[in-house]
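Below you'll find the structure, written out as structure tokens, and then a few comments.
Side-chain atoms are counted along with the backbone in the values below, which use heavy atoms only and exclude waters and symmetry mates.
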Amino acid sequence: MVGRFLLYLAVFTASYAVKAELYVFPAPSPEATSHTLNTEITLYEEQTLSAIEQKNIDLLIKDTYQTLDKSNATSALSEINQRYEGTLPAWLYSAIKRCEDWFNRTEGNISCRNGALYDYWAEYVQGKHDLSRREVRRLARVARIAEVNFNDDNSVAFASPIQWDLSEFTASLAVDRIANYLTSINIRSYHISAQGLETHASNQGFSWQGTVAQEAVIQNGRATDAVSNPSTIAFIRPWQRPVLSTSKLASLEKGVLSHSDGWPSAKFQAISVADNAFEAMLLAHFSATKTAQQAMELVNANPSLALKLIDENGRVFTSNTYTARTSGKNKAEKNGHAISIDITLPLFDIADYRGPYVSVWISDEKNRLVKSLALRGTSERWLGELRTWWRRVGRKNEGLVDGFAGATKKNAPLHIEWDGLDDFGKSANSSSLILHVEVAREHGGRSYEKIPFTFDSLTSPITVTGTDEIASITLSLMN
């Protein structure tokens, strides 16, 4: 599934060179047997790996792929899929359980249960049958509603519609096992990098930046305030990615397979950050197939995650945590250009209360769009009732609604953190800006407020009391 990966490392600082020791797995030799993940590990602080330790890492990588190989009837994963129960190695039991945690957290939108679905796609790619959207939905659904039971002895039992498949995440699990091994032998400073997988793992709080033009996420130096916590970045560009590929065949369809409905989607390229490679790749898969609002709500509720999304038109959406997690310092805050926006909505005491549609955006003084900040509601009929937004933004930006909008949330308040960058990731270059907030509710009213501001004017918070569908709006510089 994941193919052969070329792995590399780019490490440097602006003022001094970092002494490093590079190890390649498997070591190039006539006797070396190839396995799927070809790994480069760099150690710092004059650390080295003994021959036995290098051999252990090589065996660990091979074991990961062999254990998860569904084509091998004797692999641990194949055996539990055949019996619908079994005891697993501790690392695999932990991986499946963590995937189930994400399954529950995302209401089935991330899953490791869809082995039958991936088999169906593989048979389609091999020319064994035509592709039926009804059938892929059925396969995804029966796996989604089946029950799973975990036991303390690392055993798992599940209903027959489930077939575990971790092929999309095998390489990231191998990276995590390498990181855990390095920690167990007291390696204090390391970097593991995978270009094909687009995963980079470090335990030194390195400063990361996504370099989309190079189709990679490259570490570009240490943050001065870095802390020694594990960190991983994963990157998916779905428009160039076959939905399914083998060593011999690849689907013509591009994108990431949605785990909830079995159909490919390619809304965003995703750069995701987590404490380990497995969860970074789970987040990247989820975020490539969902709207920006859905993905950001998940990430902003979990401080250990960070996310950057880029759509086909180059629009950029980032989580509240992204800048701090990827640069070590929040550069926007340092420049005084990070703004917190809090919007409260009234709750009306009526029987048929419908959650309002809400749009929040920033323009320059000529009403040219600078940044789309929030959009609640997906029905084009009611989005049109956000008349100012629709006239100035919505109808001029095809695809924005499909990729950006999230569900209505009754009168839940909005907390938005803006990093001072425009829709395309560049600094807002206008000295005078306008915050726009518009709310429209079915069987209700419509309210619109606009607040002119400059970054310099926010030395003290600005609070505006709204009317009807808007209770209040507060702008303030972030601390």
Side-chain angles (χ1 to χ4, degrees), residues 5 7-13 16-29 32 35-68 88-95 97-98 154 169-195 197 199-208 217-234 273-281 303-306 325-326 328:
F5 297 112
L7 293 101
Y8 75 103
L9 175 72
V11 180
F12 62 90
T13 62
Y16 61 90
V18 178
K19 185 174 182 180
E21 190 77 19
L22 177 65
Y23 298 88
V24 179
F25 299 91
S29 71
H35 42 61
T36 307
L37 187 66
N38 297 290
T39 312
E40 287 189 358
I41 301 172
T42 302
L43 306 183
Y44 307 102
E45 300 177 4
E46 299 183 351
Q47 299 172 117
T48 60
L49 293 172
S50 69
I52 292 177
E53 290 165 344
Q54 294 177 55
K55 181 64 174 178
N56 287 341
I57 292 175
D58 193 67
L59 292 173
L60 182 152
I61 297 170
K62 293 178 182 178
D63 176 71
T64 305
Y65 279 88
Q66 291 170 357
T67 301
L68 300 178
L88 298 170
W91 68 269
L92 179 53
Y93 177 84
S94 172
K97 196 169 184 180
R98 280 189 289 160
N154 289 349
F169 311 111
T170 304
S172 59
L173 287 168
V175 169
D176 283 341
R177 295 188 74 191
I178 294 168
N180 290 337
Y181 178 74
L182 294 176
T183 300
S184 73
I185 59 175
N186 200 32
I187 296 296
R188 300 175 302 279
S189 179
Y190 63 80
H191 187 100
I192 309 165
S193 185
Q195 182 177 7
L197 176 65
T199 296
H200 303 253
S202 169
N203 72 336
Q204 286 295 298
F206 286 116
S207 173
W208 307 91
V217 181
I218 302 174
Q219 180 237 349
N220 76 334
R222 302 188 188 207
T224 57
D225 57 350
V227 293
S228 296
N229 291 323
S231 185
T232 303
I233 280 183
V273 184
D275 292 338
N276 57 77
F278 183 44
E279 298 207 35
M281 193 55 76
S304 69
L305 304 175
R325 283 296 300 271
T326 56

Testing the basics here: between [X] and [Y], what is the closest heavy-atom pair and its distance to 0.1 Å?
{"X": "Ala95", "Y": "Leu173", "result": "CB-CD2, 3.7 Å"}
{"X": "Tyr44", "Y": "His191", "result": "OH-CB, 3.7 Å"}
{"X": "Ile178", "Y": "Leu60", "result": "N-CD2, 3.8 Å"}
{"X": "Asp275", "Y": "Ser304", "result": "OD2-CB, 3.6 Å"}
{"X": "Gln47", "Y": "Asn186", "result": "OE1-O, 3.9 Å"}
{"X": "Ala280", "Y": "Ala274", "result": "N-CB, 3.6 Å"}

### Query
Is any side-chain heavy atom of Ile41 less than 4.5 Å from a side-chain heavy atom of Ile187?
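Result no, sub-4.5 Å side-chain heavy-atom pair not found.
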To the nearest 0.5 angstrom, please state how far the [atom1] atom of [X] sits from the [atom2] atom of [Y].
{"X": "Arg188", "Y": "Leu43", "atom1": "CZ", "atom2": "CG", "answer": "10.0 Å"}
{"X": "Thr42", "Y": "Ile192", "atom1": "OG1", "atom2": "CD1", "answer": "9.5 Å"}
{"X": "Phe278", "Y": "Asp176", "atom1": "CZ", "atom2": "CG", "answer": "8.5 Å"}
{"X": "Leu68", "Y": "Phe169", "atom1": "CG", "atom2": "CZ", "answer": "11.5 Å"}

Next item on the list: Check ring pair (Phe, Tyr, Trp, His ring centres under 6.0 Å) between Tyr23 and all other residues, then give those that pass, not counting sequence neighbours.
Entry: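 Partners of Tyr23 under the ring pair (Phe, Tyr, Trp, His ring centres under 6.0 Å) test: none.
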Sorted by chain and residue number, the side-chain contact (heavy atoms from CB on, under 4.5 Å) partners of Glu53 (sequence neighbours excluded) come out as Leu49, Ser50, Tyr181, Ile185
